[in-house]
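Reviewing the structure listed below.
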Amino acid sequence: MTFHFHIPLAFRDLLKSGGIGQYVVQEVLPVRQLDAQFAAFQTSFWTEGPLCILQHFDTLYSILHHFRSLDIAIKEDVLEVMVKVASRHANELPAILEDLNMSVPQRAAHLNALKMNCFILTQLIEAFEAETYKASLGSVEPSGKGKKAKSKPEGFSWESERESILQALTHLLQLDIRRLWSMSVVEEEFVSMMTSCCYKMMENPNIVMAKNKSTREALGHLLGVTVKRYNHMLSASVKVIQLLQHFEHLASVLVHTVSLWATEYGMKPVIGEIMREIGQKCSQDLSRESSGFKAFATFLTELAERIPAIMMPSISVLLDYLDGENYMMRNAVLTVMGEMVVRVLSGDQLEEAEKSTRDQFLDTLQEHLHDVNTYVRSCVIQIYNRIVQEKALPLSRFQSVVTLVVGRLFDKSVNVCKNAIQLLASFLANNPFTCKLSSVDLKVPLEKETKKLKEMREKYQGPKPVVVISPEEEWEAMLPEVLEAFKILQQESKEEEDIETEEIESSQHLREQILILLLKTSYKNSIRLTQKGIERFQEDPLFSEGDSEAKSVLGILEKIFTEKKADLEQPTTKDQDDAQVNPPSQEVQKSDMDKQEMLVQYLSDAHHFALKIEEAIDVISKMMYETAVSVVQEVIEFFVTVSQFGVSQALLGVRRMLPLVWSKEPGVREAVLSAYRRLYLSSNGESERVKAQALVRSLSLLMVDSSAGILQCLEEIVSEFVQKGDIHPSVIQLLWEKFTQKSPCSALERRAAVMLLGMMTRGQPEIVMSNLDTLVSVGLGEQVQKDYQLAREVCNCILKITDSQKQTLGKSTEPFRLPKDHSLFVCLTEAVAGGIGLSGLHWLPFKETAVRLVYELGEEPEEICSEILLRCSQNVLDGHQTQDEVPNVPAFLLTHLLSLAGDVALQQVVHLERAVSAELRRRRVLKEEQEAEKVGKQRKSKANESTMEEELGLVGASADDIEAELIRKICDTELLGGQQYLSAFLPLILRICNNPGRYSDPDLCTVATLALAKYMMISSDFCDTHLRLLFTLLEKSPLPSVRSNIMIALGDLSIRFPNLIEPWTPNLYARLRDPSREVRKTAGMVMTHLILKDMVKVKGQVSEMAVLLIESDQEISALARNFFNELSNKGNAVYNLLPDIISRLSDPDCGVEEEAFRTIMKQLLSYITKDKQTESLVEKMCHRFRTARTERQWRDLAHCLSLLPFSEKGLRKMQDCFDCYGDKLSDEAVYNSFLTTVAKMRRGAKPELKALIDEFEQKLSRCHNKGLENMDVPEEPSAESDTQPPKAKRPPLASVNVKKGKSEDDFQTPKPPASRKSRRKVAVNFSSDEESDLEAELSEAETPKNPTPIRRTARSRAK
């Protein structure tokens, strides 16, 4: 019986009866019969071929029906047989399809067999896919419901079978099977059945794995055949969109599949259909699932990387996304444009339409450099980075894009800044101009070539072409006016002005006069002359033929004008003819001009580009210390690139990145080391000698004008290179040659060589240890007085030995020291003593380094230094002895001698505190360890050992105290004793300090003061005795250098003797108002150090530091900001100090201006971030309104409240304290400040809070209006009311330091704090301290006897 197999919409539909002749499954066989029935199918297949399925379809349907219950073995067999059936059918069909005599029943049989085979096979595919996916989730075992798998020994893997099945189906579809259908139209259900299994397979997340690459290829080919041959393009487009929306992992898979359709199968229209579908998607539909946007964006981006040319005709359907809200789609569309510019619209052979499209794309990209979304801006910069790297950016757009990118360096987003730096580096690396981009170097040739171009234009341009009008044409133009003049002349009377004919000598003269009148357009007079000529010169042929009629006169005028005018123009025409005899070649001129214009344009573009890069360098160098590690790394990489292109400002960035070598971030430190390795150690194929010379030259250039801090950073990098073996021995050899002058070099290069040797010594001490004698003999020998700068660097180089020794030696190792008779100390003694009589400036820093070197390396350094002091004293006195008892010594000699004495005194203290103390401890520990070994042999029990260790520990702690007390006793009683060499200089130092008027030399006064401070570091008794003298000099010395040095010294004294300096703390704060900028800066640095180290009590005087925030000097204000930034990290320090600061700064007697006050408080209140702190400050400030004395203080308090970050609790606090400030709201400024506070609270407030805010605002308004009404009523002046003091500026320093009623000559020590009982509470102050106002002059009896001690451990020593 003939039937037709209709492909069902659902699997169970085959069990239902359909139309007439439609195939229906008669019976679903039970599981127990399936083995036998399947065996029968196999037998039938081998005998009848693929058509056997027509009789056994029910068996196969039953297998699919019971698929989950079957053993894996039978599933595998079914799959294997069905693949063979499909393959055999595919092999037999070509011949059948070619048979033109095939009957209708045969065609129907083969069609039914094809449909049945494909149906069973696709159903098997979907069943295996579902089972495998569930198995991967761990829900069901692939072998069935717990049954043993009777599989083959090698096992069954569905993943390995996919490819062969898909290839079999593809083979079938590649045949011309349309002939089996009537009208040769394949039914849509068949195509849908074949493709649905492919889409099911794609939904498996494992499809993206690398092992399934062949499966993805097979899927793409099968679907490609259906798209090309079976009109599946529209359905495929819709299906791709659906898959992207619901399966995010399919983006890359579908990109590969779709690009395969477009390239290998030629189905380019499918790309347009898919893009059109994406373009028509509504943002609201996609917003429900964010993965949809992400998948579409990924799909478009990756597709553009594969086939940008095919996508370009349909790009317009995506442009609406550029104005949409989703940034991912904007990024995708912009990326597509970028890929098209790089791969399709680049090159010089573009047509005009393509150039226009490219320019539109680039314009769009430029517009989105200012996109509102951070990710879009970052994406656009990355796109430009790729365009620049691929050299696809037109030269005409370089300047505009670079300008925009430089502007993005100020972007608030870290990623945008980072990508902008990368893009600028790419611009440099791929610039079309030159390998050396220096605006200074490019400016000279640009001006030269521009001048040359101007000259060429003037030379080749010549005179401008003039339109030549013939005399005849000119006469024709004049004729109407001449006729009009003749008519007018005839009508006029004879009383007109007559022409004096006596002046006309001949007819020739008359002709010239007539021509001149015609040229002047004096037609009447020319006519009169012509008439006179007719009357007078009848012998002339021209005048004899005419009469006074118009025709004759006009004829004569025409002849005169045309003939004479032609004669006048003849020489010019001749000159032009001569100039045209040898005209220059027009082609040569044009070629030269074009070349010159191109050269000028090139130089102009290069110069402008270099200027922009230099502008970017200035901005990027300031980003060197950003908190984001990635930004810092990009900045470092940028400066490496800039340096390679010779930009002049590159050295600035390279030098600024040096301090980053101390960064706590390993990535930043490694980036710095890598950058310097690439800049200075990169191998370029040259000889080692040439590379060594280049390295030394580069490092020497880096050290020029560098500060001590920069040199220390460079030393860290160089020592790191030496330790890792990155520096070749030839470099060290070259440095020694420069130092010993075997290699010719300047004095500056010689000093740089010594400095570099010292830097390398830290990493490899043998460099100096093995050549110490050379250093001493060459650098400190007989020629030392010629170059004390070199001698100082030699001393620093030798000092590096001690630095490296301290790092490598252990606590129990004996320190490295040289004997006191070593040649080093002999040469140092001669160098110091021999140069004391020289007036140069370089001897002072040299002797300071020399003294330090003696104490660091010498045994018995005090004897060496005593010898140096003795010889220097003798040299000073020799030749200056007079008959008087007191010798007359030049000031600079005393300056040198006292400076040397001060250095020796300080180094002696450091030596005792560090070296001697460490050596005592080392010997004690060594002795204890030896005793412990002896005791340990006798006591073997653990209990005894622990007891012994405890006893030894106690002994060690007490021993430390004993050693510290010994050092202190030596300093207090012995160093400045009458028999000690240091004490010999004390009378002179004190005399100079006590008589600044007599010893007026600034350098001498400065050195003497500094020497006194260094002597005070030795003994606490000596310090206490002369502390008043030191503070007197600090207050009253007219020399800023003296005051600055004393501030620095007092910082050190505060650490060494904190209890002695503590009563003088107000005097230290007073220097923050010093009239000298240098003193204020120094005082700010010292106080910052002392406060942050907790060496000074932070009291109300810290407001003086706050005043520095408004300092006009940027360096000082930055120092103050840094101080408060650091202070804010110390718990609640700023919060605790704010009341005192507000009180002092708003005080009308000693505060600051109102505008300055607001600037300071804006900075300080920004540190208040905690809600509890805000609430407490609100309450305190509200209560301060009651004690405020002036309207200025009201305004200040209200302004401070407006700066605080308010919460609901803060608002309630303000409402609770409304009575404190309600009566002050009549002041307009106070009221406006509260309104500002209300407006700030209203932002982002919840509805219930807004109601509270509205109520508070209404209350404010009522009180304000009520207060204004009361002010309109005149009041009787109260006797008790205080008059309003005028606005006061900050008083000068003298008014702060001098007490009223006393002269400035009586400088006295500060009095102790007054007791609480004796204080009168006149008004409530903000100040938290209990001391009186700052007074510089007090009586001697009021010197503090028992100051509050600051506890110090026994090991707290000078450092």
### Heavy atoms from other residues, nucleotides or ligands near CZ of R689 exceed 12 (cutoff 6.0 Å)
yes
What donor-acceptor contacts under 3.5 angstrom involve side-chain atoms of residues 725-732, with partners at least two apart or in another chain?
| residue | atom | partner | partner atom | Å |
| --- | --- | --- | --- | --- |
| D726 | OD2 | R677 | NE | 3.1 |
| D726 | OD2 | R677 | NH2 | 3.3 |
| H728 | ND1 | S730 | N | 3.1 |
| H728 | ND1 | S730 | OG | 3.0 |

### Message
Between F892 and L838, is there a side-chain heavy-atom distance shorter than 4.5 Å?
### Response
no
### Task
Find out whether S823 and L780 are in side-chain contact, i.e. whether some heavy atom of one side chain is under 4.5 Å from a heavy atom of the other.
no
### Task
Please determine if R817 and E919 form a salt bridge, counting it only when a charged side-chain N lies under 4.0 Å from a carboxylate O.
no
### Message
Counting only heavy atoms not in E782 (residues, nucleotides, ligands), do more than 12 fall under 6.0 Å from its CD?
### Response
no
### Query
Looking at R852 and E848, does any basic side-chain N land under 4.0 Å from a carboxylate oxygen?
no
### Message
When you compare the side chain of V778 with that of R750, does any pair of heavy atoms fall below 4.5 Å?
### Response
yes
### Query
Do the side chain of H896 and the main chain of I836 share a donor and acceptor less than 3.5 angstrom apart?
yes
### Query
Do F825 and L828 come close enough that some side-chain heavy atom pair is under 4.5 Å?
yes
### Message
Quick test of your reading of the model: are K418 and E626 salt-bridged, counting only N-O distances below 4.0 Å?
### Response
no
### Query
Looking only at atom types and distance, does a side-chain atom of Y788 sit under 3.5 Å from a main-chain N or O of G835, one as donor and one as acceptor?
yes
### CG on L652 to CD1 on I620, rounded to 0.5 Å
11.5 Å
### Task
Side-chain contact test, heavy atoms from C-beta onward, threshold under 4.5 Å: evaluate it for Y676 versus L681 and give yes or no.
no
### Query
Given K800 and E715, is the side chain to side chain contact (heavy atoms under 4.5 Å, CB included) satisfied, shown in steps?
CA-CA 11 Å; K800 295 297 188 297; E715 179 180 335; 2.9 Å; yes
### Message
Within this structure, what is the CG-CD distance for the pair D821 and E860, rounded to the nearest 0.5 Å?
### Response
10.0 Å
### Message
Give me the atom names and distance for the closest heavy-atom approach of A850 to V832.
### Response
CB-CG2, 4.0 Å
### Message
Are L975 and L912 packed together at the side-chain level, in the sense that at least one heavy-atom pair is separated by less than 4.5 angstrom?
### Response
yes
### Query
Going from OG1 on T774 to CH2 on W736, what distance comes out if it is rounded to the nearest 0.5 angstrom?
6.0 Å
### Minimal non-hydrogen separation, Y855 against Q908, with atom names
OH-OE1, 2.6 Å
### Summary
Rounded to the nearest 0.5 Å, the CG atom of L679 sits from the OG1 atom of T641 at a distance of 9.0 Å
### Criterion side chain to side chain contact (heavy atoms under 4.5 Å, CB included) on I1018 and L982, from CA distance to verdict
CA-CA 11 Å; I1018 298 176; L982 287 176; 4.3 Å; yes
### Query
Are E634 and M623 side-chain neighbours, meaning at least one heavy-atom pair lies under 4.5 Å?
no
### Query
How close do V1007 and S899 get, heavy atom to heavy atom, and via which atoms?
CG1-N, 3.3 Å
### Message
Please check if the number of heavy atoms outside M624 that lie under 6.0 Å from its CE is greater than 12.
### Response
yes
#### Entry: Presence of salt bridge, R697 and E749, under 4.0 angstrom
no
### Task
Any chance you could lay out the side chain to side chain contact (heavy atoms under 4.5 Å, CB included) test for Q633 and E665, step after step, and finish with the verdict?
CA-CA 11 Å; Q633 290 173 332; E665 294 288 344; over 6 Å; no
### Task
Check whether any side-chain heavy atom of R751 lies under 4.5 Å from a side-chain heavy atom of R792, and answer yes or no.
no
### Task
Please report the shortest heavy-atom distance between E793 and V754, naming the atom on each side.
O-CG1, 3.5 Å
### Message
Test your reading of the model: is there a side-chain donor-acceptor pair from N1045 to the backbone of S1041, 3.5 Å cut-off?
### Response
yes
### Query
How long is the gap from CE on M760 to CD on E766, to the nearest 0.5 Å?
14.5 Å
### Stepwise side chain to side chain contact (heavy atoms under 4.5 Å, CB included) check, K820 with H822
CA-CA 5 Å; K820 63 179 181 179; H822 192 274; over 6 Å; no
### Query
How long is the gap from CG on L699 to OH on Y680, to the nearest 0.5 Å?
6.5 Å
### Query
Is the backbone of E716 close enough, under 3.5 Å, to the side chain of S719 for a donor and an acceptor to pair up by distance?
yes
### Task
For S674 and A671, indicate whether the former's side chain and the latter's backbone hold a donor-acceptor pair under 3.5 Å.
no
### Closest contact, heavy atoms only, S426 versus Q389
OG-NE2, 3.3 Å
### Query
Which pair of non-hydrogen atoms, one from T1082 and one from S1044, has the smallest distance, and what is that distance?
CG2-O, 3.6 Å
### Task
State whether the side chain of D618 and the backbone N or O of E614 hold a donor-acceptor pair below 3.5 Å, judged by distance alone.
no
